[in-house]
Amino acid sequence: MKRRRFIQLSSLSVPAFTVKSVRNKTPVKPIIVSTWADGKRVNQEAWKILGNNGRALDAVESGARWMEDQQNCCVGLGANPDRDGIVSLDSSIMDEHANCGAVAAIQRIKHPVSVARKVMELTPHVLIVGKGAQEFALKNGFALEPQTLSEPAKKAYEEWLKKSQYKPEINIENKDAGNGPFAPAYLDDGTPNHDTMGIVAMGADGNMSGAVTTSGMGFKMHGRVGDSPIIGAGLFVDNEVGAATSSGLGEEVIRVCGTHLVVEFMRMGYSPGMACRKAVERIVNRDPERAKGFQVGFLALDKMGNYGAFAVQKGFVISVKSNNEEKIIPADYIYDYGVT
Ligand code: GLY
């Protein structure tokens, strides 16, 4: 059965971008790659540091903070709440020395990515959650923000309450905003659409870092934690090999230690795009029929500044910025919105 699935997936025709065989001969750096079309603005913010010989760690934190300041469905305090009407946020950060920090299910703190960095720098721990994460933030100078929903989140929550249907599927928050069951890269009005913001970067000095920030799955169970704050799931950086981050249904990413898997595939010699594809196939092969109903996307960057992405479903895009280019690029995928 497993072999048949492998053959089925291998025989799917996939466009060329993520399996690009021509690789950089000299490192392209600095470079930053982020999830979704919003990543373009995130990259521009981070570039103020990265483009001035700054540290990749400072750049990815700054990009994530910019995203947390925006009011949108899926990142920061303006995002959609859990099913109890409470916004809780997940974030992680990792540097070139494998130092890492994360917070999960943190409430009423505007910049979880900066709290994650403090966890990394000030504590012997990697992950602090819930009330403890909030207390840690307050002790370290972060302000307690009001427990209110943004207007769009309030509207979305009221709409969700009408059915109160709890389904653990990603992009449920965008279902009615776009076309079809999965979120498109742009909404009908041209607004960039995304869920998790994941960022990986390499500085001019060749050192790599990454950060992720999200409110997680919309209308999730209170206390639910996704892949984003879990090192090796939503974010992984190995300064000898490369870095990867993910977006989509966190539970599926956690099951395969997704970004660690992507980096290990790169270590074996696969290109970033092919490494992402192989990690997606690992997820889809568990149950190809079920996989038609959810989205996971990976992006990866290697030490030479090669980058790539791959997703379960059509619609995942990444944003890249270097001295040579600034682009939003659609990732290749297995299913066209649930159809092979
Ligand atoms: N990838 C974000 C989440 O599942 O929470």
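Whatever order the structure lists ligands and atoms in, that order sets their numbers, starting from 1. Given the structure is predicted, the values throughout are model-derived calculations rather than measurements.
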Per-atom filter on ligand 1: closer than 4.0 angstrom to a heavy atom of Thr196 are 1 (N), 2 (C)

Per-atom filter on ligand 1: closer than 4.0 angstrom to a heavy atom of Gly226 are 5 (O)

Note: ligand 1 atoms sitting under 4.0 Å from heavy atoms of Gly216 are 5 (O)

Handout entry: Short side-chain donor-acceptor distance under 3.5 Å, Glu326 and Gln44
Key = yes

> With distance as the sole criterion, is a donor-acceptor pair present between the side chains of Ser246 and Asp227 under 3.5 Å?
Replying inline: yes

For Asp227, the ligand 1 atoms with a heavy-atom partner under 4.0 Å come out as 1 (N), 2 (C), 3 (C), 4 (O)

Notebook entry, point to check: Should we say atom CD of Glu240 is surrounded by more than 12 heavy atoms from elsewhere, each under 6.0 Å from it?
Noted result: no

The atoms of ligand 1 lying under 4.0 Å from a heavy atom of Ser228, numbered in the order shown, are 1 (N), 2 (C)

Tell me yes or no: between the side chains of Ser271 and Arg23, is some donor less than 3.5 Å from an acceptor?
no

Quick note on ligand 1: atoms under 4.0 Å from a heavy atom of Met217 include exactly 5 (O)

Side chains of Thr213 and Glu68: do they bring a donor and an acceptor to under 3.5 Å?
yes

Greater than 12 external heavy atoms within 6.0 Å of Tyr270's OH: no

Ligand 1 atoms nearer than 4.0 angstrom to some heavy atom of Gly248 are 1 (N), 2 (C), 3 (C), 4 (O)

*asked:* Can you tell me if Arg224 contacts ligand 1 (heavy atom of the residue under 4.0 Å from the ligand)?
replied: yes

